[in-house]
Amino acid sequence: MSRFFFNDRKQLVNDAIEGILISAPHGNLVKLDIDPAIRVVARSDWDKSRVAVISGGGSGHEPAHAGFVGKGMLTAAVCGDLFASPSVDAVLNAIVAVTGDRGCLLIVKNYTGDRLNFGLAAEKAKRYGLKVEMVIVADDIALPDNKQPRGIAGTALVHKIAGYAAEKGKSLSDVRDIAQQACDNLWSLGVAMQTCNLPGSDDEEGRIKQGHVELGLGIHGEPGASVVDTQNSKAIIDTLIAPLKEKAGDGRFAVLVNNLGGVSALEMALLTKELAHSALQDQIAYLIGPAPLVSALDMKGFSLSLLKLNETFEQALNEPVETLGWQKPVAFAPLRTVQHTAIQDRVEYVPSENAQVAALVAGATQTLVDLENRLNALDAKVGDGDTGSTFAQGARDIAQLLQEKQLPLNDVPKLLLLIGERLATVMGGSSGVLMSIFFTAAGQQRQDGKPLAEALLSGLAQMKQYGGADLGDRTLIDALQPALEALQTGDIQAAAQAAKQGAEATASMQKAGAGRSSYVNKENLEGVTDPGAVAVAEVFAVMAQ
């Protein structure tokens with residue numbers, strides 16, 4: 001099956017162009033209504049008073065080419081079918097539609113179909129009395145002995161420079177010369193670990209083996225020049241930079257980091273970091289990207305393009321444009337860091353003795369340790385079977401501190417805060433964080449002078465706010481909240497009874513509103529008490545004794 005979102009394969013490109021125009025941020029693009037087979041996107045604000053700049057080619061390279069139409073770049077783009085050159089008629093119509101007395105420059109990637117179709121259209125346009133020039137972009141260095149290097153992502157930089165010259169009102173010969181100069185100072189090389197998927201075609205076993213990448217892969221999925229036995233980001237950047245530096249030599253460069261369509265933003269950021277630390281680092285003046293500028297559908301790969309800068313190129317690249325696809329260059333600089341003292345979020349306390357509090361802590365922790373298997377068994381029916389172990393792990397840590405006389409037993413606010421700190425450290429998963437929030441918030445409220453029962457209710461409120469669960473959601477809150485509310489009267493027996501009733505009520509709740517039990521169907525929940533609620537009820541029972 002094809003890995004591609006589409007409706008009608010025959011209408012795919014037309015539909016995509018409509019989506020591009022609808023989403024264009026400057027509202028300055030139109031599609032020329034000539035013929036369904038002719039797809040020309042043009043500037044709506046064009047008045048033919050300057051040299052027109054036209055490019056195009058097969059679709060599937062978005063945002064190229066329609067995404068570069070707009071003030072400061074292309075006057076029009078001619079879009080062919082997927083990876084297929086537009087027809088001679090389509091190019092001719094584009095030329096005639098936007099070209100005035102100043103003439104027109106065609107920017108063409110070095111593929112046979114593009115050269116022939118754009119070239120013939122240019123000759124035909126001259127019969128209409130129009131002045132037309134053409135430059136061929138051939139920036140790919142993957143095949144050094146090839147007399148016809150392909151035009152790839154660097155084409156976007158030529159669009160930008162030629163568009164700048166045209167916008168400044170320069171003559172056709174000047175616009176052509178500056179575009180040609182850009183082509184002569186431009187080198188690109190790409191790499192991919194997976195080729196692209198064509199819509200409507202069945203998936204095939206990829207020709208690139210796992211753990212390998214193909215160097216010099218074409219933007220239409222054509223095989224690369226060689227296979228490299230690594231997917232290490234640093235090694236791959238170094239592999240690309242070496243031949244690019246050899247070709248480009250000395251100088252300051254703008255570097256285009258081009259996503260071929262299928263690489264995650266995270267990976268592109270990582271590759272950019274590797275580039276910033278590569279052998280090219282001292283020669284990078286500007287970064288453009290990382291972003292898809294000339295993509296290859298969903299190809300899992302990227303390319304680097306180096307443009308050797310001069311004063312004109314630098315001005316041209318930095319001139320603002322009104323397009324969908326261009327990326328503003330960023331002046332390259334090493335990572336900036338600011339020294340900052342680490343926050344040591346630790347509860348400062350002095351161990352102290354209090355026999356009554358020690359008995360309560362000992363009873364609660366021992367109860368949770370003893371409940372480990374029972375709670376795990378309950379959780380196995382409604383969750384992932386580890387509630388008992390999670391609570392026991394926290395309890396053992398507090399019990400050990402008690403045994404070592406390392407708890408502030410005579411300072412309840414600090415005791416609550418310390419328990420909160422320890423549970424966040426030693427208890428696993430969300431349970432540890434939730435219980436830490438409960439004890440930490442309660443300790444802070446108690447430190448501010450609130451009575452213990454009120455402070456504990458405040459801790460519960462914070463737990464509910466951050467955790468998202470509430471009474472009736474079949475969690476430990478169903479036992480804890482009624483117990484704490486009853487505790488406000490000072491009656492621990494009433495609190496224990498309320499906790500017990502709350503826990504038992506969870507067995508008849510047919511739907512869990514939070515936690516892992518919320519993913520379990522009601523048949524599995526029926527008659528099973530929530531393990532967290534059981535833990536709360538048993539602790540209150542021991543404290544009541």
H159 side chain to L157 backbone, donor-acceptor under 3.5 Å: no
L368 CG to L375 CG distance, which is reported to the nearest 0.5 Å: 7.5 Å
CD (E18) with more than 12 external heavy atoms under 6.0 Å: no
Criterion side-chain contact (heavy atoms from CB on, under 4.5 Å) on L402 and L409, from CA distance to verdict: CA-CA 9 Å; L402 177 65; L409 297 174; 3.9 Å; yes
Polar side-chain atom of N410 near backbone of N354 as donor-acceptor pair, under 3.5 Å: no
Parallel, tilted or perpendicular: rings of H61 and F83 (30°, 60°): parallel
Residue K31 excluded, over 12 heavy atoms near NZ under 6.0 Å: yes
Side chain proximity check, K273 to H277, heavy atoms < 4.5 angstrom: yes
Enclosure of E404 CD (heavy-atom neighbours >12, cutoff 6.0 Å): yes
Check: D45 main-chain N/O paired with N28 side-chain donor or acceptor under 3.5 Å: no
Side chain K160, main chain E319, donor-acceptor under 3.5 Å: yes
Any I236 side-chain heavy atom under 4.5 Å of V228 side chain: no
Side chains of N318 and E314, donor plus acceptor under 3.5 Å: no
Nearest heavy atoms of S264 and E267, plus distance in Å: OG-OE1, 2.7 Å
Nearest heavy-atom neighbours spanning V257 and M268: CG1-CE, 3.7 Å
More than 12 heavy atoms from other groups under 6.0 Å of NZ on K300: yes
Polar side-chain atom of T365 near backbone of A395 as donor-acceptor pair, under 3.5 Å: no
Short side-chain to backbone donor-acceptor contact, S278 and D238, under 3.5 Å: no
Minimum heavy-atom distance V347-E421, with the two atoms named: N-OE1, 2.7 Å
Closest heavy-atom pair and its distance - L297, N197: CD1-O, 3.5 Å
Side-chain heavy-atom pair L378, T387 within 4.5 angstrom cut-off: no
Sub-4.5 Å side-chain heavy-atom contact between D478 and D530: no
Flag if over 12 foreign heavy atoms under 6.0 Å of CG, N7: no
Donor-acceptor side-chain pairing of E62 and S295 below 3.5 angstrom: no
Crowding at CD, Q400 (>12 non-hydrogen neighbours, <6.0 Å): no
Side chain to side chain contact (heavy atoms under 4.5 Å, CB included) partner of L415, the single match among I419, L417, D411: I419
Any donor-acceptor pair under 3.5 Å from S436 side chain to G432 backbone: no
Residue pair L307 / L317, side-chain heavy-atom distance below 4.5 Å: yes
M435 side chain reached by M463 side chain, heavy atoms, under 4.5 Å: yes
Check: F391 and V539 side chains under 4.5 Å, non-hydrogen atoms: no
Sidechain-backbone polar pair: Q462 side chain, A441 backbone, donor-acceptor under 3.5 Å: no
Heavy-atom donor-acceptor pair, N258 side chain to V294 backbone, under 3.5 Å: yes
Inter-residue atom distance L304.CG - S188.OG, 0.5 Å rounding: 8.5 Å
Q283 side chain to R252 backbone, donor-acceptor under 3.5 Å: no
Nearest atoms (heavy-atom pairs only) where S458 meets K450: OG-NZ, 3.8 Å
Shortest non-hydrogen separation from A503 to A479 and the atoms involved: N-CB, 4.0 Å
Heavy-atom check, side chain of D397 versus side chain of T425, under 4.5 Å: no
Whether over 12 other heavy atoms sit under 6.0 Å from Q465 CD: yes
